[in-house]
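What follows is one structure encoded as structure tokens, with my remarks underneath.
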Amino acid sequence: MTAPARAQSSVKHLIFVLFGAFATMGYRNLWPLATFTLSPIDLDGTALLWAEIGVLAFATVLVPLFVPRQYIPYDPKDPAPVPNPEQTASVWSLWVYSFLDPLIFLAYRIPHLSLDQLPSLSDYDRARNLVKRSFKHLDPFLVGKKRHLFFGLMTVFRWEYVSLALLLFSRILATFASPLGINRLLNYMETGGKDAVVRPWFWILWLFLGPALGSIAMQWYMFVATGVMVRAQGILTQLLFDHALRIRVKADAQNDTSASTSMSTEAPTPDTTSIAEGSNSNDGGEEAARNVYNTAKSKQRDPSAASLFSTATKVDKEKEDSEEKTNLAGKLNNLATTDMESLVNGRDFLFVVLYIPVQLTFCVVFLYQVLGWSAFVGLGVTALMFPIPGLIASRIQKTQVEKMKKTDARVQSVTEIMNVIRMIKLFGWEPKVNDQIAEKREEELVYIRRFKLLELANGVMKSTLAMKQTLTASVVFSSMVVFDLLRDQLHTIFGMLPDLIQARVSLDRVNDFLHNTELLDEFAEKPESADQLSLEAVVPDPSIIGFRDVSFTWTSENGGTWTPGSSRRNFMLRIDDELTFKRGHMNLIVGATGTGKTSLLMALLGEMHYLPSGPTSYFNLPRYGGVAYASQESWVLNETIKDNILFGSPYDEERYNKVIEQCGLKRDLMLFEAGDQTEVGEKGLTLSGGQKARITLARAVYSKAEILLLDDVLAALDVHTAKWIVDKCFQGDLIRGRTVLLVTHNVAMTSSIADFIISMGTNGRILSQGSLSNALEMDTNLSKELNEETMQIEKIVHEVDAVEPTAPETSNPTDGKLIVAEEISEGHVGWVALKMWFGNMGGDHVIAFWCSFLAAVLVLPALEIYSTWYLGYWAHLYELVDHPSEVSAPYHLAVYSLLTCLSVVVYFVGVSVFIYGCLRACRTIHKQLVGTVLGTTLRWLDTTPISRVITRCTQDMQAIDGPMGQHFTDVCELTSLVIIKLLSVVLVSPVFLIPGLLVTILGGWCGQIYMRSQLSIKREMSNARAPVLSHFGAAMSGLISIRAYGVQGSFKTRSFEHIDRFTSAARTFYNLNRWVCIRIEFLGGLFAAAIAGWLLYGTGVDASNTGFAMNMAVGFSNLILWWIRLLNRFEVNGNSLERIEQYLVIEQEPKSSPEGVPPAYWPSSGKLNVEKLSARYSLDGPKVLKDISFTIDSGERVGIVGRTGSGKSSLTLSLLRCIFTEGSVTFDGLDTNALNLDALRSNITIIPQVPELLSGSLRQNLDPFDQYDDALLNDALHAAGLFSLQKDQGDSRITLDSPISSGGGNLSVGQRQILALARALVRRSKLLILDEATSAIDYETDSVIQASLRNELDKDVTLLTVAHRLQTVMDADKIMVLDAGQIVEFGKPHDLLKDEKGTLRSLVDESGDKEHLYAVAAGHALRAR
């Protein structure tokens, strides 16, 4: 033990001994002064005794209470630079929370208190220290045995829960202070002091001190409980994050999990090799997980997100519901948000298991002492009716489970829509999508309504139970206080049961995730079987990279995952002999689409399930020199370009500049105003596909890793850039000497630099390994593909972009920020936000709604007060008669029962009206929110992270759906109750009008000060939660990359930082509640004691009216506190209204109008006429298109070419009016500016480079709104070339019923393009825009797409192709050459090539294949004649 600790121990011991002496002296000499019968024992008239008592009081009470405590760091090796005031505050300061005074008054003086102005976090609350303390009891890998999470949490917080139990017991004793005091005072008044032992002033003091001490105990309980809650949130969030880093990322597996524990928001999470066999995901890495980036806060479970666009039959829906699918990021966000919230709400289970049973026992004992046997009559009635609330509670639980399913379905719909919102806008689907979400919302509201009505029935039951009392008159008011306590306990039980049920469900879900999620082999429990010994096979050489006699599947469950077209076939990667990669050399992995090339890399990384074939089996990837990995579906963090490349490595300027040069990023960085400080945005939205691919490659090259695994990094690049990467990067000094495993389709370009080539065959087997000639011998398709690709590449001998670009001129250098900071409101919740809610409640009958609701709110408390007064009146009648039988008890009981029933009816009617009003408002606000987000501009979507939109559709809508309405009714009820109770006290003793108003004003002032700081911190707390979720989402989407690089530690550290910021806000938020509660409870206690003293000593009021006034006063002081608490809680929830209202006024695209509906025949042709078209991305931004004009006749095929930044994409967006345009665009004779956007966009189809698909079946992707029959859809697939592409694939063919994962993650880019083309054919648009993605797909797929475009489109369909290769467009009818937003050439290819100074001619002449290109153009010109 250290010296300070020993000194502290000694001081505590000394104080304890001295306090014993003080207590003894006090009992002997102070207690007798409060009685009529005892005298002080030691009082000999000397002052010495009083001095002794005074010194002891000072030493044992004042000094320990008021002297600041010494700061003791949690970890002596890492003390906090500035301790949190909580850690050094005196005991008294902790009890009354005065250590928060500086913060609260600072918040009162300034408009908004920011997170940085809060005190530093206590070191025992820091995530790092919490992890040290708790993980040994919670983490399944450290605990060692399988036990429920609940017991682990109880072990971690055992001492906190012991202190909570003691505090609750103290509170129970204190709650009987008021009834005991009232009973003794009234008894004294009734008997005139006869046989009294204790003096009345003691009971008056007792009326103040009892509740004050009880308040301290209760607030300290809340202080400890909320501290536990916030720490548990931090611990569990980090535990989920740590555990998620061990999970196997696999394709959507069809797991049949139980309803109670299934957590789904659908969409894939795998490395999209997912299917690695029947299709390909382009063998790409992490897009599938990334697609679900921020599924944010949905609830527990989703039947199937496929149902987003499902308007299938009921049978289909049931089939989908049965196929539970999981989505890693969505599941984790659910667990980290909604389930955390539910766990938080269930933290007070001690109330149900300890506080309420003990309190009820005390109530019964007290009532028996006061009332005798008749107390049991009321209790008996209560007990008889108890099963009814139990029945209601079980119905509430079932409704809650169903409601959560419906909420999940809606949330997943919103999430997926936000992930593909650009596609939805480009296709003009917004109105239909909005209707479908509204449908799901309607299904959810059915259960919300049922839930609220059951809660209402619950409330009615507790009213009925509490009021069926048979009372004798003599002690009616002390009994009334206890019966109020009894009612409160029953109310608490009924109120807490739903929360505890939800908390239990959520705890089970988190526990299930920790124990039952499939993990990587290195973390999975090994089965104790003999064949397990084969895992221990010795690797011949630790430095070897390779396999021998092994198989791998994507999941250990049922042997694999499904593939499109057949759930019976599971992909398996098999290496029958030995496969060893060459160290220090370039190793190529080649093969056709879907043969399992990515799976080979994943198997090496340990991402797949390892199945050894025998005792000599092994696989090995040495990690000691570092491993770097670049996935094809590039993964970038929402940070700057530079941070993405460095990825936590130290900055080496020379190496960094070389990487930029060799990865072809120099020119790109010049095009960005902020250079490498440009933020890439969520999912890299500021970057093109090629830029993301090169940044992902640059990250791998910059790292010092000896082994680089590169997954088709050339796929997203055009041929020029790909050639640059091969020449400058793969043959550069930074790669030289490192081991590279490169998956590629681009055999022709890379084979010359390869030292070792592995060719993959069908069924996941190795076809050949060794030299290129070996591979070509074994694979004739590869040989054919190589010849075709070689012809394409020979044309590239010069760089197309020979001129070095100059940095853009800007007088104001930018900081590269893209994501705008989230707006935080200041001050009280604005009237505009509240008006939006209030205004939507009444619907078409606003006045009738508010009149009926407010009438109920005013009448109900008046009836309750009158009932209490009537009991007093009944009691008073006994004082006026000689014999009790002269008072008709049945009559008075009937009147009292009638009043009770009337209260119940008024309550039921008033709240029912309000519930329906709330539902009306919820429906309208949600529809407006979804409508405005769907109707906003692309620019707004670019600058706003998806997570913010989803948070508003989930967390904020949940606040409006749930607690907000309840809080508002409580505020209204309490407001009228406070007024009526104050009037009741004043009627008995008018002199108390002023003190009553004073208490109200002081309480209101405390509440006002408190609300200013509370609202600021609540807003900061809401915003501090988002980065935790964003970090989750980003990490989950790049899980494979994080594990490959071995940077789990740095991601955990960053998670600690985000959790600490949230914990800092949350601890302060909850402590502020304690600050206001303790002050208002003190005020209330003082008010009740003052009234008792005045009525006893200052007036001649009789005992009955004194009892009534004191009953009202005690209730009044408690109500003031609750009124301020609930008003604040309502306003805090109003913050959600405010956040939603902010999104109802975002910038909007033009709304549809009747005048904008085109004629039914339009468009009858694909003629396009553009006059002086200019475009910009924001109203104050530079023009990206400058006064361009052209005409394209119906049925023409036009190629659009130009260098990066020339305006090709901007032109396609401006034709669809997705960006701000000037000038006129006429499509088939109609000016597109006059058309409704949905009409325009639904008649033009764009096929982007990497088309976005929705989770669900292929049928739902082609026909999301169920408008066409299967025959037409199959024709479209046939015409698009899908069937010819998979003619040899048998059972694994993609059909209309094939499942598609979110974003199309389980398909190759080529397959996605074909499906997008099929969708275009189904839509029968007269104008088709294709953003060519041919460099990402193999030659056969490319040929199929090109043939479909030439042969299957109707003759009057106009085709615009944004070309990345001259080869594709040389046989077009016309070619448009763009440069810097202007048309430099436009005409027939053959004519343009005649211009010796023409741009197109210079591009063709620079290529190595100019003769072929000239011939294609000439041949097309001949055919055109």
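Just so it is clear, the structure is predicted and the values come from calculations on it, not from any experiment.
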Check: Does the pair Arg1054/Glu639 count as a salt bridge with the N-to-O cut at 4.0 Å?
Finding: yes
Across all chains, not counting sequence neighbours, the salt bridge (Lys or Arg N to Asp or Glu O under 4.0 Å) partners of Glu1057 are none
Value for CZ (Arg694) from SG (Cys663), rounded to nearest 0.5 Å, stands at 9.0 Å
The salt bridge (Lys or Arg N to Asp or Glu O under 4.0 Å) partners of Arg765 (sequence neighbours excluded) come to Asp576
Under the criterion side-chain hydrogen bond (donor to acceptor under 3.5 Å, both in side chains), I'd like the reasoning laid out for Ser551 against Arg574: C-alpha separation, chi angles, the key distance, then a yes or no. CA-CA 4 Å; Ser551 300; Arg574 298 179 183 83; 5.0 Å; no
> When you measure from the side chain of Asn620 to the backbone N and O of Pro542, does any donor-acceptor pair fall under 3.5 Å?
Replying inline: yes
Item checked: Ser1055 side-chain N/O to Phe1051 backbone N/O, donor-acceptor pair under 3.5 Å -> no
Rounded to the nearest 0.5 angstrom, the CG-CE distance for Leu1400 and Met1370 is 5.0 Å
inquiry  = Keeping Lys597 on the side-chain end and Gly591 on the backbone end, is there a donor-acceptor pair under 3.5 Å?
reply    = yes
Margin query: What I'd like to find out is whether the side chain of Arg736 reaches to under 4.5 Å of the side chain of Gln731, using heavy atoms alone.
Written below: no
Note to self: A side-chain contact here means heavy atoms from C-beta on lying under 4.5 Å apart; do Leu600 and Leu573 qualify?
What the structure shows: yes
With sequence neighbours left out, the residues meeting ring-ring contact (aromatic ring centres under 6.0 Å, His included) with Phe552 are Phe547, Tyr610, Phe619
Using atom types as modelled and distance alone, determine if a side-chain donor or acceptor of Arg1043 lies under 3.5 Å from a backbone N or O of Gly1038. no
**Asked** Is any side-chain heavy atom of Val713 less than 4.5 Å from a side-chain heavy atom of Ile725?
**Response** no
Q) Does the salt bridge (Lys or Arg N to Asp or Glu O under 4.0 Å) test come out yes or no for Asp521 and Arg248, once each step is laid out? A) CA-CA 8 Å; Asp521 289 348; Arg248 186 189 310 289; 2.7 Å; yes
So CE of Met760 and CD of Gln769: to nearest 0.5 Å the spacing works out to 11.0 Å
Sorted by chain and residue number, the salt bridge (Lys or Arg N to Asp or Glu O under 4.0 Å) partners of Lys642 (sequence neighbours excluded) come out as none
Can you tell me if Ser634 uses its side chain to pair, donor with acceptor, with the backbone of Ala693 under 3.5 Å? yes
Here the gap from Ile735 atom CD1 to His585 atom NE2, rounded to the nearest 0.5 Å, amounts to 14.0 Å
In this structure, SG of Cys729 is separated from CG of Leu697 (nearest 0.5 Å) by 4.5 Å
>> If you apply the rule side-chain contact (heavy atoms from CB on, under 4.5 Å), what do you find for Ile757 with Met586, and how did you get there?
In response: CA-CA 9 Å; Ile757 296 181; Met586 175 72 71; over 6 Å; no
Look only at the side chain of Trp635 and the backbone of Ala1035, and say whether a donor-acceptor pair between them is shorter than 3.5 Å. no
Quiz item: Heavy atoms, side chains only, cut-off 4.5 Å: are Leu520 and Glu607 in contact?
Solution: yes
Notebook entry, point to check: If only atom types and distance count, is the side chain of Asn587 paired as donor or acceptor with the main-chain N or O of Phe756 below 3.5 Å?
Noted result: no
Check your understanding: Where do Ile1040 and Tyr629 land on the side-chain contact (heavy atoms from CB on, under 4.5 Å) test, with the steps shown first?
Key -> CA-CA 8 Å; Ile1040 296 169; Tyr629 168 70; 3.6 Å; yes
Paired with Ile641, the side-chain contact (heavy atoms from CB on, under 4.5 Å) test is passed by just one of Ile645, Asp643, Asn644, namely Ile645
Sorted by chain and number, sequence neighbours left out, side chain to side chain donor-acceptor pair (under 3.5 Å) with Asp755 holds for none
Check whether any side-chain heavy atom of Leu741 sits under 4.5 Å from a side-chain heavy atom of Leu708, and report yes or no. no
One should read off an interatomic distance between Lys658 NZ and Glu653 CD, to the nearest 0.5 angstrom, of 13.0 Å
inquiry  = Tell me if a side-chain donor or acceptor on Thr739 pairs with a main-chain N or O of Gly584 at a distance below 3.5 Å.
reply    = yes
Exercise. Kindly confirm or rule out a cation-pi arrangement of Arg699 over Phe647, judged by NZ or CZ under 6.0 Å from the six-membered ring centre and within 45° of its axis?
Key: yes
Sequence neighbours excluded, the answer for side chain to side chain donor-acceptor pair (under 3.5 Å) partners of Asp541 is Ser543
message = Measuring only between side-chain heavy atoms, which start at C-beta, is Tyr656 closer than 4.5 Å to Glu661?
response = no
Got Ile1042 and Gln1048 here, is their nearest side-chain heavy-atom distance under 4.5 Å?
yes
Are the side chain of Tyr1045 and the backbone N or O of Ser703 linked by a donor-acceptor pair below 3.5 Å? no
Would you call Thr640 and Val680 a side-chain contact if the rule is heavy atoms closer than 4.5 Å? no
- Message: Could you walk me through whether Val627 and Leu604 satisfy the side-chain contact (heavy atoms from CB on, under 4.5 Å) test, starting with their C-alpha distance in whole Å, then the side-chain angles of each, then the deciding distance to 0.1 Å, before giving a yes or no?
- Response: CA-CA 11 Å; Val627 173; Leu604 268 180; over 6 Å; no
